[in-house]
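By convention in this document, chain letters (A, B, ...) are assigned in the order of the sequence lines, proteins followed by strands, and residues within each chain are numbered from 1.
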Amino acid sequence: MRIATWNVNSITARLPRLLAWLESSGTDVLCVQETKCAEAAFPFEPLRELGYEAAVNATGRWNGVAVLSRVGLDDVVSGLPGGPDYDGGQEPRAIAATCGAVRVWSVYVPNGREIGHPHYDYKLRWLDALREAVGEDAKGPRPFAVLGDFNVAPTDDDVWDRTRFDGLTHVTDKEREALAALRGAGLSDVVPRPLKYDHPFTYWDYRELCFPKNRGMRIDLVYGNEPFAGAVGDAYVDREERKGKGASDHAPVVVDLNV
DNA sequence: ATGCCAGGCTGCGCCTGA
């Protein structure tokens, strides 16, 4: 089974590339982030024509997540149980589904904006709620993984130049401790191989030629339990999808599972 | 060539992203 995660930066703007990529990559299950559209505007029909069902948690212009599957889509949980509010409400940043033999969460972790900003505390509380929510599945016998845009670079090697991130989010001890707590709950970081260069970056800013210069970050992660991690045959970042006109600023992370 | 930011709404500029 081929499982992937991809922050598409608007599913409506990305639709032609998304459909082409699903076909060319042969992906069975795709966790999508930043749909940036209301559920009513979600492109269910073209996806259905390709053979994919979709479970969607999206409310409009910001955020929005989905799970696309052509191998079954059951027991959907929309929203992060116990997740914190922001600006007086829940944001659409998590959705879970069982796809065949595997259960997945598609997550879009809050950005955090700046250290000390209310959004940064929200990010840490959100990650804590995620750890609470996955506890049972993480320790269970069924292959299970949280896939998505975590907005945290797990190590200094996961950013192109650590000195450029002094005082910024995504690399702080507290954010990394939140990831460590997730690992402590029974999940491990399924690190993909890069198709080029020596770091498996998944995000490159649109500005300042970041992609051609490979000034990237690894912030799109796959955290799998032991049955999941043990079934991984291959994992890679499809940087080809970051090329050209109309690309997302994130590349898909692809995992081949022997299930 | 991988090429100097992109998306969507509050819209014809502004906020967000990381």
Side-chain angles (χ1 to χ4, degrees), chain A residues 5-18 20-21 32-43 58-66 86-87 89 91-93 107-124 126-127 148-176 178-179 194-221 236-253:
Chain A
T5 181
W6 188 13
N7 179 324
V8 295
N9 186 19
S10 171
I11 198 166
T12 51
R14 212 63 57 216
L15 190 61
R17 286 185 74 131
L18 171 64
W21 186 81
V32 180
Q33 301 85 37
E34 282 211 84
T35 58
K36 286 186 167 177
C37 74
E39 186 168 351
F42 193 87
T59 54
R61 155 171 214 199
W62 302 116
N63 315 308
V65 289
Y86 192 74
D87 266 350
E91 295 180 316
R93 294 181 175 275
V107 300
Y108 178 48
V109 177
N111 171 290
R113 299 185 188 163
E114 294 170 25
I115 298 167
H117 191 286
H119 211 261
Y120 180 76
D121 295 323
Y122 170 53
K123 180 181 195 173
L124 297 174
W126 202 95
L127 283 166
D149 180 353
F150 282 68
N151 272 319
V152 181
T155 74
D156 286 350
D157 279 341
D158 294 314
V159 295
W160 63 278
D161 181 355
R162 175 61 184 82
T163 66
R164 304 287 192 105
F165 289 82
D166 285 342
L168 300 181
T169 60
H170 293 60
V171 299
T172 66
D173 288 344
K174 283 184 177 175
E175 290 166 287
R176 288 175 174 170
L179 291 188
L195 294 184
K196 191 179 179 184
Y197 307 123
D198 52 354
H199 295 285
F201 296 145
T202 65
Y203 163 86
W204 301 260
D205 197 297
Y206 285 122
R207 292 165 286 191
E208 299 175 328
L209 293 171
C210 282
F211 184 60
K213 293 175 178 171
N214 200 32
R215 295 181 169 183
M217 306 170 73
R218 184 172 77 94
I219 53 176
D220 299 273
L221 309 177
Y236 62 94
V237 182
D238 188 359
R239 71 188 303 284
E240 296 300 308
E241 186 52 43
R242 180 62 181 76
K243 296 179 179 180
K245 190 174 171 61
S248 170
D249 42 3
H250 297 251
V253 178

*asked:* Is there a side-chain contact between R239(A) and the phosphate of dT2(B), meaning an N or O under 4.0 Å from OP1 or OP2?
replied: no

| query | What does R113(A) touch in the nucleic acid at a heavy-atom separation under 4.0 angstrom: a base, only the sugar-phosphate, or nothing? | reply | sugar-phosphate

Rounded to whole Å, the CG-C1' distance (D87(A) to dC15(B)) equals 13 Å

**Q.** Whether W204(A) and F211(A) hold their rings parallel, tilted or perpendicular, with breakpoints at 30° and 60°
**A.** perpendicular

Margin query: With a 4.0 Å cutoff (strictly under), does any side-chain N or O of N111(A) reach OP1 or OP2 of dA18(B)?
Written below: yes

When D157(A), D158(A), T155(A) are each screened for side-chain hydrogen bond (donor to acceptor under 3.5 Å, both in side chains) with R218(A), the one that passes is D158(A)

- prompt: If you measure from the C1' atom in dA1(B) to the same atom in dC12(B), how many Å do you get, rounded?
  reply: 35 Å

(request) Would you tell me if any nitrogen or oxygen in the side chain of N151(A) comes within less than 4.0 Å of OP1 or OP2 on dA18(B)? (result) yes

Does R17(A) reach the main-chain N or O of K245(A) with its side chain, forming a donor-acceptor pair under 3.5 Å? yes

Margin query: So, does R14(A) get its side chain near the phosphate of dG7(B), meaning an N or O under 4.0 Å from OP1 or OP2?
Written below: yes

Margin query: Please confirm whether the shortest side-chain N or O distance from Y108(A) to OP1 or OP2 of dT16(B) is below 4.0 Å.
Written below: no

Result for 5'-nearest mapping on DNA chain B, choosing between T12(A) and Y203(A), is T12(A)

The nucleotide from dG17(B), dT2(B), dA18(B) with an atom nearest the side chain of N7(A) is dA18(B)

Q.
Say we look at dG11(B) and dT16(B): how far apart would their P atoms be, to the nearest angstrom?
A. 15 Å

ask   = Which part of the nucleic acid, if any, lies within contact of N63(A), taking any heavy atom under 4.0 Å across all strands shown: a base, the sugar-phosphate backbone alone, or nothing?
value = nothing

Between T169(A) and S10(A), whichever has its closest DNA chain B nucleotide further toward 5' is S10(A)

side-chain hydrogen bond (donor to acceptor under 3.5 Å, both in side chains) test vs Q33(A) passes for just one of N151(A), T5(A), N63(A), namely T5(A)

* Asked: Do D161(A) and R215(A) pass the side chain to side chain contact (heavy atoms under 4.5 Å, CB included) test, and can you show the C-alpha distance, the side-chain angles, and the key distance before you say yes or no?
  -> CA-CA 8 Å; D161(A) 181 355; R215(A) 295 181 169 183; over 6 Å; no

Separation of dG17(B) atom C1' from W62(A) atom CH2, nearest Å, is 8 Å

From CD1 of I219(A) across to P of dA18(B) the rounded distance in Å is 6 Å

Here the distance between atom C1' of dA6(B) and atom NZ of K36(A), to the nearest Å, is 7 Å

With the side chain defined as heavy atoms from C-beta on, L209(A) is closest, among dA18(B), dG3(B), dC15(B), to dG3(B)

Counting only side-chain nitrogens and oxygens, does H119(A) get under 4.0 Å of the OP1 or OP2 atom of dA18(B)? no

For dA18(B) versus dG7(B), give the span between their C1' atoms, rounded off to a whole number of Å.
15 Å

Rounded to whole Å, CZ of R215(A) lies from P of dC4(B) at a distance of 15 Å

Heavy atoms only, 4.0 Å cut-off, all strands: where does G112(A) land among base, sugar-phosphate and nothing?
nothing

Only residue of T35(A), D149(A), D249(A) satisfying side-chain hydrogen bond (donor to acceptor under 3.5 Å, both in side chains) with N7(A) is D149(A)

(Q) In whole Å, measure the gap between the P atoms of dA6(B) and dT2(B) for me. (A) 16 Å

To the nearest angstrom, the CG-C1' distance between D249(A) and dG7(B) comes to 10 Å

note: K213(A), atom NZ; dC4(B), atom C1'; distance rounded to Å ~ 8 Å

(request) Indicate, with a heavy-atom threshold strictly under 4.0 Å, whether E34(A) touches base, sugar-phosphate, or nothing. (result) sugar-phosphate

N9(A) CG to dG17(B) P, in whole Å, measures 11 Å

